[in-house]
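Report on the following structure.
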Amino acid sequence: MAAATSSETGCGEAAAGEKRGPLGIPEAVFVEDVDSFMKQPGNETADVVLKKLDEQYQKYKFLELNLAQKKRRLKSQIPEIKQTLEILKHMQKKKANVMLEYDIDEAQALLEKNLSTATRNLDLLEEDLDFLRDQFTTTEVNMARVYNWDVKRRNKQDPSKNKA
């Protein structure tokens with residue numbers, strides 16, 4: 001997690017030119033100093049900031065859902081490609097003379113390329129999902145810090161509520 005001062009980011013989101021993760025996902029920046037963070041333009045109230053952080057969190061959740069769907073699709077494609085490759089290799093051993101859209105060597109090369117691409121994409125998806133999990137954690141911590149900051153601020157403003 002990256003630490004930032006209030007002058008570096010707005011609402012914990014990566015601004016233009018700041019660090020982005022895989023797929024261009026903006027990195028959630030840890031809010032180190034909540035007092036100065038809350039003095040930034042656009043951070044007028046804790047409710048405004050919490051709403052922005054929640055929107056950011058929901059965007060991460062949406063991305064996670066899409067990536068999880070892609071992961072499921074790839075996890076089902078890889079065994080299919082492997083099975084097709086095995087069938088093709090069996091055909092080569094038996095010198096099968098079957099009418100194919102591709103000749104056997106071309107088909108094998110294409111399937112091996114597809115398998116390699118699918119495996120690489122699955123690995124990248126795993127990295128993207130790990131990165132997203134870190135962004136969830138950072139955003140949740142930022143939300144908790146801003147909420148706690150607001151509770152303390154309200155208790156200082158009205159100490160009578162604190163004794164109830």
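All values below come from the heavy atoms of this structure, side chains included, with hydrogens, waters and symmetry mates left out. Just so it is clear, the structure is predicted and the values come from calculations on it, not from any experiment.
Distance check: M143 CE to Q56 CD gives 9.5 Å after rounding to the nearest 0.5 Å. Expressed to the nearest 0.5 Å, how far CG of D134 lies from CG of L129 amounts to 11.5 Å. In this structure, the separation between CD1 on I25 and CG on D128 is 5.5 Å, given to the nearest 0.5 Å. Of the inter-residue distances, the one linking T139 atom OG1 with Q58 atom CD reads 10.5 Å to the nearest 0.5 angstrom. In this structure, NZ in K39 is found 8.0 Å from CG in D33, a value given to the nearest 0.5 Å.
Smallest separation of non-hydrogen atoms from I104 and L88: O-CD2, 3.7 Å. Contact detail for F37 and N43: the closest heavy-atom pair is O-ND2, 2.8 Å. For the pair A28 and T138, the tightest heavy-atom approach, listed with the atom from each and the gap, is O-CG2, 3.3 Å.
Taking the side chain as every heavy atom from C-beta outward, F136 and K61 approach each other to under 4.5 Å. You'll find the side chain of Q92 reaches within 4.5 Å of the side chain of D105, heavy atoms only.
Y60 and E64 form no side-chain donor-acceptor contact under 3.5 Å, judged by distance and modelled atom types alone.
Taking the side chain to side chain contact (heavy atoms under 4.5 Å, CB included) definition, one finds that E127 meets it with L124, sequence neighbours left out. Remark: E140 engages Y57 in a side-chain hydrogen bond (donor to acceptor under 3.5 Å, both in side chains) (not counting sequence neighbours). For N66, the side chain to side chain contact (heavy atoms under 4.5 Å, CB included) partners are F62, Q69, not counting sequence neighbours. Shown here are the side chain to side chain contact (heavy atoms under 4.5 Å, CB included) partners of T45, two or more places apart in sequence or in another chain: D47, V48. Take D150 and apply the salt bridge (charged side-chain N to carboxylate O under 4.0 Å, His left out) test, not counting sequence neighbours, and it matches R153, R154. Listed by chain and number, the residues in a salt bridge (charged side-chain N to carboxylate O under 4.0 Å, His left out) with D130 are R133 (sequence neighbours excluded). Shown here are the side-chain hydrogen bond (donor to acceptor under 3.5 Å, both in side chains) partners of N148, two or more places apart in sequence or in another chain: there are none. Remark: E126 engages K71 in a salt bridge (charged side-chain N to carboxylate O under 4.0 Å, His left out) (not counting sequence neighbours). Residues that satisfy the ring-ring contact (aromatic ring centres under 6.0 Å, His included) test with Y147, not counting sequence neighbours, are absent from this structure.
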| task | Kindly indicate, with the supporting measurements, whether the criterion side chain to side chain contact (heavy atoms under 4.5 Å, CB included) is fulfilled by H90 and K93. | result | CA-CA 5 Å; H90 179 74; K93 285 180 189 170; 5.5 Å; no
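Evaluation of the side chain to side chain donor-acceptor pair (under 3.5 Å) test over residues 76-88, restricted to residues two or more places apart or in two chains, returns none.
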Which atom pairs, one a donor and one an acceptor, fall under 3.5 Å between side chains of residues 111-120 and the rest of the protein, sequence neighbours left out?
residue, atom, partner, partner atom, Å
E112, OE2, Q108, NE2, 3.0
T117, OG1, K113, O, 2.9
T119, OG1, L115, O, 2.8

